[in-house]
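The structure appears right after this line, and notes come after that.
These numbers come from a predicted model, not from an experiment. The chains referred to below are lettered A, B, ... by the order of the sequence lines, with proteins before strands, and numbering in each begins at 1.
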Amino acid sequence: MIDLLQHQFMQNALIAGVMLSIVLAVVSFFVVLRRYAFIGVGIAHSAFGGVAIGSLLGIPPILAAIVFAGIVANAISFVSKQKRIGVDTAIGIFFSLAMAIGVICIGLSDVYNTDLFGYLFGNILAISRWDLAIIAGLGGAILLSVFLFFKELLFIAFDPEVALVSGMPVTFLDHFFLTILAITIVISIKITGIILVSALLVIPGAAATQIFNHYSRIIVASIVIALFSTVGGLVISCYLNIASGATIVVLASIVFFISFAIGKIRKH
Amino acid sequence: MSISADAESALQTDPLVNLQDVWVSYDDRWVLKSIYLTCHAGEILGVVGPNGGGKSTLLKVILGLLTPDKGSVTLFGRKPDKVSRMRVGYLPQISLADRSFPVRVKDVVMMGLYHKMGLFTRFRRAHEEAALSQLDRVGMADHAERQFGVLSGGQQQRVNIARALVADPRLLILDEPSTGVDSVAQDEFYELLARLRDEKGLSVIMVSHDIGVITTHADQVACLNRQIHYHGDPTGYLQPEIRDQFLGRDLKVMVHDAHCISCRMRHMDHD
């Protein structure tokens, strides 16, 4: 462990892992509460389109991905509120459209290398100081926003109808949260990649919900579970020389199944 | 932000809710046609009508969440908006959809204070005490620390009432209050409403397709099937010719009073 930490890339990976775990765990609480898991999958895949557009136009891919994923997240929400379009239908359409745009852009640009593989499957060991600065800045802003709007976000998740009648800006808060969700996903792509990032968006909150039944405890447990999975998965993957993103997701899933069993036992 | 003293004194005589010739359409069909409706202070107004008869639309119009195509609507003597809605307590239909939602009973009641607290503020001891005293009023103080989702339908309804009352409303609006609540709990619930009316001068508007409940517990009854077919006291509503004129085919008439007038299905063309 000590010798691993002597490497700069390992230090960066751990710092990024710790910061993102906290952000993902807090956002995960609301994702599970509002049943946004599949929206998360859709947004993550649409980030691929953003990365590809960014590469083609020479814009930093992470910036392009944030803008593109943010637009797609809000478009999914807007379209699914129209008559005759279910939210799953909206996600199905936008997620494949975004991927298709991505594939076309990749074909037009000359980025067809390990970079792309890193975006799809994660490359936590390639996190630079610049990446760390982005994660710290945006991650901090996300945590602050959730802290400030916590009671409002909880109310609209619990009872949107009553929240609306009592004067809450429900539509604004919905779009606000989806934008936060999109940013969280994009800055987390380096850990697990586009394909697996939604796991970390769902599992910590879902596992914590199995054990505890009050929101304050669920959020704390969610953070602990995310930290354990990310740091543990990173260390294990380095010793065994296997893919780190996938190891993190497998470890998180094991924690989920243990939590599920604990929850079942406690109810009896 | 608050309603002025002049307006306050005017409220003593003017109706709290006043709809004059209100028309609403969806997709080129009239859902509400020429609605005149009033509700005064200290009055329980029951709005009864078949499903699809425009009850939910009427509530949205009263709350200012939907602007009518024509006609005028006032709530506390002014156009319904965020400010006038602050004096309204709203009770949604009971839904037992998410039993695992991670909030305690007292957290739910405190949600009723959010709009008065404003953004970015946190809970203080005073907010919790206000919530606990409302739970006491509805007889749910012993359940304050329990998870909301594990309560029965009747208990959840009491907690929702406490949430509505914690912001000290003048008017309660109830959407289908009998859904998911057994008859014993229903009786207790309507006794509670009558007590709140008598003690606090609270007004109540409740919409329901359950005619028995409305005619038994309301001071005034309005029969709504796109139009108001009757607006008056409950006994007048029980006249057979009025019921014949108004009832839709999906409406089951169950009037259980001393005479148990009828339990039967009726038919009527909607337009």
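- Residues A/Val165 and B/Arg85 have side chains in contact (heavy-atom distance under 4.5 Å, counting atoms from C-beta outward).
- Looking at A/Ala157, the atoms closer than 4.5 Å to chain B (heavy atoms on both sides) sit in the backbone and in the side chain alike.
- Heavy-atom neighbours of A/Lys81 NZ from other residues, nucleotides or ligands within 6.0 Å: above the threshold of 12.
- Of all non-hydrogen atoms in B/Val103 and A/Phe158, the two that sit nearest each other are CG2-CE1, 3.9 Å.
- Counting heavy atoms from C-beta on, the side chains of B/Met117 and A/Lys151 come closer than 4.5 Å.
- Residues passing the side-chain contact (heavy atoms from CB on, under 4.5 Å) test with B/Ser72, sequence neighbours excluded: B/Gln20.
- Atom CZ of A/Phe38 sits in a crowded spot, with more than 12 heavy atoms from other residues, nucleotides or ligands closer than 6.0 Å.
- With respect to chain B, the highest number of heavy-atom pairs below 4.5 Å among A/Phe212, A/Phe147, A/Phe150 belongs to A/Phe147.
- In this structure, B/Asp107 and A/Tyr215 have side chains that are in contact, with non-hydrogen atoms separated by less than 4.5 Å.
- A distance of 11.0 Å separates CD1 in A/Ile156 from CE in B/Met111, rounded to the nearest 0.5 Å.
- Atom OG of A/Ser166 is separated from atom OH of B/Tyr90 by 11.5 Å, given to the nearest 0.5 angstrom.
- For the pair A/His214/B/Pro102, no side-chain contact is recorded, criterion being any heavy-atom separation below 4.5 Å from C-beta on.
- Heavy-atom neighbours of chain B within the stretch residues 15-34 of chain A, taken at a separation under 4.5 angstrom, comprise A/Phe29, A/Leu33.
- Looking at B/Val108, the atoms closer than 4.5 Å to chain A (heavy atoms on both sides) all sit in the side chain, from C-beta outward.
- Salt bridge present: B/Arg163 and A/Asp159 bring a charged side-chain N and a carboxylate O closer than 4.0 Å.
- No part of B/Asn160 comes within reach of chain A, as not one of its non-hydrogen atoms sits under 4.5 angstrom from that chain.
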